[in-house]
Number of protein chains: 2
Amino acid sequence: MVAMRTASPRSPSRTRERILDASLALFNESGAPNITTNHIADAAGISPGNLYYHFRHKEDIVMALYGRYETALNGVLDSGQDAQDAVSDLWLLVHLAFEVIQDFRFIHRDLSDLSAAYPALRARFQRSVEAGIARTSAYCLALARAGALDASPEEAHALATNISLVTTYWLNLQALRHASRGGLAPPDDDTISEGVFQVLSLITPYLRGAMREDFRRIALRYLPPPSDRGDCSKPTA
Amino acid sequence: MVAMRTASPRSPSRTRERILDASLALFNESGAPNITTNHIADAAGISPGNLYYHFRHKEDIVMALYGRYETALNGVLDSGQDAQDAVSDLWLLVHLAFEVIQDFRFIHRDLSDLSAAYPALRARFQRSVEAGIARTSAYCLALARAGALDASPEEAHALATNISLVTTYWLNLQALRHASRGGLAPPDDDTISEGVFQVLSLITPYLRGAMREDFRRIALRYLPPPSDRGDCSKPTA
DNA sequence: GTCTATATAGGGATAGAC
DNA sequence: GTCTATCCCTATATAGAC
């Protein structure tokens, strides 16, 4: 590689984007704490010095990626806000959220470390979590008041919290479960489908009558074939 | 094991235990990756060289602590095995499990990092997770077959998985939510109570009739007063 | 904007005296 | 068993030429 300093001519700071892309790939593969700025520079095909011309600190790279993540996730959730009346589309919202999280999985994976190292990131993530729980909670409470959800206000809030928790940590858990030597588990479409199933399993039992059966049917479609979960080639996503 | 030349004067290798105790405290407070062997030596009141006399690698310290954790957790779970017929004692089991996890919270908090750094730990944790899910799953399936749980086998398994997930990551999430400057959140009894409530909230809606009401009543006792979650003095633990 | 070379710092781990 | 002193390595970040 090393197409070498395409440099000067055009590119309105496309190097910056290359750095971010390379960082994201490496962080997702090996975890941000284990990736050095030299690794990133190598992968981006530039020199370490050049990297520090574009980002004064490694933290700046992480924060920029977090910005991308937040934007993507809010895009999904805001679009869901509109369709929120249609309960039946909930699975789609969950699925899309999982895809974003998957794309930036290093954030959740190394969250404790990153939070400790970069207080700015911790603060932003905290806000993000609280907003997510509040949003989900409001949704569940509305369902409960409407009589669609058989839950006390406390239970509805607990349900919302569990939804947030499972959404936040599902990919984490699966990466750990499926990890073998070397880099952690590669992206796997089944993993997301299973995650959707898990989340729907949280909601289903609180639903009533026909709606519960509808949800069960939808959820079942998300259950992957009961192979030993080794490496079945991914079916239609 | 290893009564071994118990050092010179007294103390059958009490330094070793001091090192482990200091490490556990520091790891829990600041995260294992952020604690150096020098920090540990300082806290234990010994020299760095002496530390390496007792543990050739930092990994050895982590693994020893993981051994302690596994022993404690298995103790709780095995004791629960006996009382497993009495569903009403489930909350106690969950509570005790949370206490163990709390005591060794650094393990879950920095799991990804530790797993990447120490493959031996990753392997042991994986086995632990799978065993936990299998155990919980068998339990839920038994309840379902007995007609106490209104769930398909798939749902019962998903429920078990979610129980494991919430148990594994609840303290993680709360530490993050309540973290402010400096070290992460201090141990908080309310946090565990809330965790028990969260886990019971997973199971309750699948239960039938009278049992469901019983569970709801028990769960409610675990719900802390609805203050803003600042620092309510802990009720009877 | 990009490079090469280097400063600086800290962490894991060892050597050898006591 | 315990200490002091130190080696080795790697990571972030900078300096200055091109």
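Here is the naming used below: chain letters follow the sequence lines, and residue numbers restart at 1 for every chain.
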*Could you name each residue pair satisfying ring-ring contact (aromatic ring centres under 6.0 Å, His included) that touches residues 31-55 of chain A, not counting sequence neighbours?*
none
*Could you check how far CD1 of B:Ile35 sits from P of C:dG11, rounded to whole Å?*
10 Å
*Using whole Å, report how far CD1 of A:Ile40 lies from C1' of D:dA11.*
12 Å
*Is the backbone N or O of B:Phe197 less than 3.5 Å from a side-chain atom of B:Trp91, with the two atoms forming a donor-acceptor pair by type?*
no
*asked:* Under the side chain to side chain donor-acceptor pair (under 3.5 Å) test against B:Tyr222, which residue among B:His95, B:Gln198, B:Glu194 passes?
replied: B:His95
_Side-chain N or O of A:His57 closer than 4.0 Å to phosphate OP1/OP2 of D:dA13_ = yes
*Pull out every residue in residues 46-54 of chain A that has a heavy atom closer than 4.0 Å to any atom of DNA chain C, ordered by number, or say none.*
A:Ile46, A:Ser47, A:Gly49, A:Asn50, A:Tyr53, A:His54
*4.5 Å side-chain heavy-atom contact, B:Val129 and B:Ile133*: yes
*Nucleotide C:dG12, atom C1' - distance to CD1 of B:Ile61 in whole Å*: 11 Å
*Is it true that a side-chain atom of A:Arg18 and a backbone atom of A:Ala44 form a donor plus acceptor pair closer than 3.5 Å?*
yes
*Whole Å only: how far is the CG atom of A:Asn38 from the P atom of C:dT2?*
17 Å
*Measure from NZ on B:Lys58 to P on C:dG10 and round the result to the nearest Å.*
16 Å
*Working for ring pair (Phe, Tyr, Trp, His ring centres under 6.0 Å), residues B:His108 and B:Phe125*: CA-CA 10 Å; B:His108 289 75; B:Phe125 191 83; 5.6 Å; yes
*Taking only side-chain nitrogens and oxygens of B:Arg56, does any of them come within less than 4.0 Å of OP1 or OP2 of C:dT14?*
yes
*asked:* Can you tell me if A:Thr15 touches the phosphate of C:dG1, counting only side-chain N or O atoms and a distance under 4.0 Å to OP1 or OP2?
replied: no
*asked:* Nearest whole Å is fine: how far is C:dG10 P from B:Asp42 CG?
replied: 14 Å
